[in-house]
Amino acid sequence: MSPEPMGDLTAAGGHGAVPTEGVPTSTPAPPAAGDRREWPLFEVFVRSRRGLSHTHVGSLHAPDAAMALRNARDVYTRRQEGVSLWVVPAAAITASSPDEKDAFFDPAADKIYRHPTFYDIPEGVEHL
Amino acid sequence: MSGNDLATFQALLDADERVEPRDAMPEGYRKTLVRQIAQHAHSEIIGMQPEGNWITRAPSLRRKAILMAKVQDEAGHGLYLYAAAETLGVDRSELLDLLHSGRQKYSSIFNYPSQTWADIGAIGWLVDGAAIVNQVPLCRCSYGPYARAMVRVCKEESFHQRQGFEILHTLSHGTPAQHEMAQDAVNRWWWPSLMMFGPSDSGEAARGGHTAQSMAWGIKRFSNDELRQRFVDMTVPQAEALGLTLPDPDLRWNEERGSYDFGEIDFTELFEVIKGNGPCNKERLAHRVKAHEDGAWVREAAAAYAEKQAGRVEEGAA
């Protein structure tokens with residue numbers, strides 16, 4: 001059986017074949033920044049058990065922090081993945097830029113004497 | 001994109017490192033990911049419908065609680081994926097517009113109806129089983145946020161597949177009528193499940209087109225045909241354990257290949273369903289749009305409340 005070819009399709013869409021041709025990736029007039037219809041974005045951090053730090057697990061939209069916390073519980077801890085949750089407005093995060101990666105992290109690159117393995121220790125010396 | 005940026009991007013791929021949201025990336029890579037992650041997310045939320053349809057009619061409280069948990073998981077999977085897509089500079093509301101207007105698609109498997117309770121078993125066992133085979137390699141996708149979302153999704157999917165298997169096992173070992181119901185569901189879902197992997201893309205077909213580019217970018221790790229074969233090989237022994245047969249007279253073990261041979265797939269049907277001529281295309285989309293519109297007042301009320309609260313805090317601070 002050789003059906004009419006129908007553009008390109010792929011199974012890569014997880015739940016099965018979806019078209020890859022003729023599918024737009026944005027609307028004709030994408031909303032301008034500041035004119036977003038979406039609620040603000042929050043980043044979600046979960047402490048999986050006592051004694052561990054909170055770890056970033058994902059993000060979600062919510063109208064305010066209280067709703068963000070409730071939704072984060074439903075989305076990210078449905079299987080007891082955590083004992084504590086943080087939600088942080090994504091807009092409040094200041095990040096280093098990947099463009100200046102080399103220059104920004106450079107000062108640490110030539111200071112290998114900050115690691116214990118830098119030092120020569122005589123054979124047989126223990127607890128050091 | 002400068003030559004320098006392109007070299008950095010290629011170096012990440014060559015080292016099998018992950019590309020992260022703020023890295024420079026070719027526009028084609030970004031668009032391919034937006035398209036794929038968005039349509040994956042759409043599939044998750046549309047996929048709630050064939051199963052949600054049976055929540056009120058689940059045969060016991062246990063089955064009802066399980067089914068509700070599963071449908072809730074699908075909503076969660078949609079959210080992880082929309083969040084991953086948003087890291088590529090699109091808005092979730094834009095993607096929903098594209099779904100609602102039919103310009104972006106979802107997996108055609110959800111355009112088939114769930115006619116009996118046994119269909120819920122067959123969807124879990126076969127449809128989620130095929131999805132797992134597709135999704136596990138995506139956990140190693142070159143784009144970090146997508147790969148991380150898939151790790152969460154895959155952990156949760158395995159419960160989905162097992163609950164489906166259990167439903168079919170119970171029916172298959174029940175009364176003759178129940179056994180027949182299970183067999184009928186498997187008969188209807190087997191071929192559409194094989195089509196979930198997409199058309200053949202090995203041999204001649206692999207040279208051009210989407211698969212080759214996606215593989216070069218580390219988005220796709222295996223061809224549609226490899227994944228389909230993997231699914232068949234793991235499913236046939238499970239069918240035997242269920243006491244059900246798979247509706248393919250050409251299905252047999254091939255000693256030489258160490259795999260099962262299977263019959264030719266009639267992709268005409270898949271293309272018809274994707275074009276919009278499947279049994280439930282209109283219904284699924286209409287239901288999705290209605291749910292979105294019916295929920296508008298809730299979204300507006302929540303936003304208005306948040307605004308009012310924020311105003312109060314400011315007044316208090318003044």
Side-chain angles (χ1 to χ4, degrees), chain A residues 1-31 33 35-44 56-68 71 74-76 78-79 81 90 95-99 101-102, chain B residues 20 22-23 31-32 34-36 38-40 43-44 47 72-73 76 79-80 83 86 90-94 97-98 103-110 127 130-131 134-135 138 149 195-199 209-211 214 219-220 224 227 264 266-268 270-271 274-275 302-303 305-306 309-310:
Chain A
M1 223 144 307
S2 54
E4 288 278 297
M6 198 213 134
D8 215 349
L9 286 141
T10 183
H15 270 292
V18 286
T20 58
E21 283 175 0
V23 175
T25 54
S26 61
T27 45
D35 182 34
R36 301 239 149 159
R37 285 166 294 162
E38 284 284 5
W39 293 329
L41 189 67
F42 290 84
E43 298 297 336
V44 181
H56 183 244
V57 291
S59 50
L60 50 76
H61 291 278
D64 57 32
M67 282 302 291
N71 291 345
D74 292 344
V75 175
Y76 291 104
R78 284 199 302 285
R79 290 175 175 79
E81 288 96 335
S96 65
S97 160
D99 300 340
K101 176 175 171 279
D102 291 341
Chain B
E20 294 295 343
R22 299 179 70 208
D23 290 328
K31 282 193 166 163
T32 296
V34 170
R35 192 178 296 124
Q36 179 169 331
Q39 297 193 118
H40 193 165
S43 303
E44 296 285 354
Q72 192 187 14
D73 273 357
L79 194 141
Y80 306 152
E86 285 195 314
V90 287
D91 226 42
R92 180 175 60 178
S93 57
E94 265 186 273
D97 279 352
L98 291 166
R103 282 171 293 167
Q104 287 186 344
K105 306 291 182 198
Y106 52 88
S107 171
S108 59
I109 194 78
F110 301 118
V127 175
N134 255 333
Q135 288 173 335
L138 288 173
M195 289 180 214
M196 284 175 66
F197 294 93
H210 179 88
T211 294
S214 249
I219 297 173
K220 194 169 165 60
N224 297 348
L227 294 169
E264 200 175 341
D266 178 8
F267 280 108
T268 320
L270 175 72
F271 297 151
I274 288 178
K275 277 183 204 154
Y305 178 78
Q309 291 297 311

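Naming convention: chains lettered A, B, ... in sequence-line order (proteins, then strands); numbering from 1 in each chain. Just so it is clear, the values below take in all heavy atoms, side chains as well, and ignore hydrogens, waters and symmetry mates.
- Here the closest non-hydrogen pair linking B/Ala83 and A/Ser59 is CB-OG, 3.7 Å.
- Of the listed residues B/Gln104, B/Glu20, B/Arg92, B/Lys105, the one with more heavy-atom pairs under 4.5 angstrom with chain A than any other is B/Arg92.
- When all heavy atoms of A/Thr25 and B/Val90 are compared, the closest pair comes out as O-CG1, 3.6 Å.
- Interface residue B/Ala303: backbone and side-chain heavy atoms are both found under 4.5 Å from chain A.
- Using a 4.5 Å cut-off between heavy atoms, B/Glu86 touches chain A through its side chain atoms alone.
- From A/Arg79, atom CZ reaches atom CG of B/Asp73 across 4.0 Å, with rounding to the nearest 0.5 Å.
- Contacts with chain B were tallied for A/Leu60, A/Leu41, A/Asp74, A/Val75; A/Val75 has the most, counting heavy-atom pairs under 4.5 Å.
- When all heavy atoms of A/Val23 and B/Arg103 are compared, the pair lying nearest together is CG1-O, 3.8 Å.
- When all heavy atoms are compared, the tightest approach of B/Leu79 to A/Tyr76 is CD2-OH, 4.1 Å.
- The minimum heavy-atom distance between B/Tyr305 and A/Asp64, with the atom names listed, is CD2-OD2, 4.1 Å.
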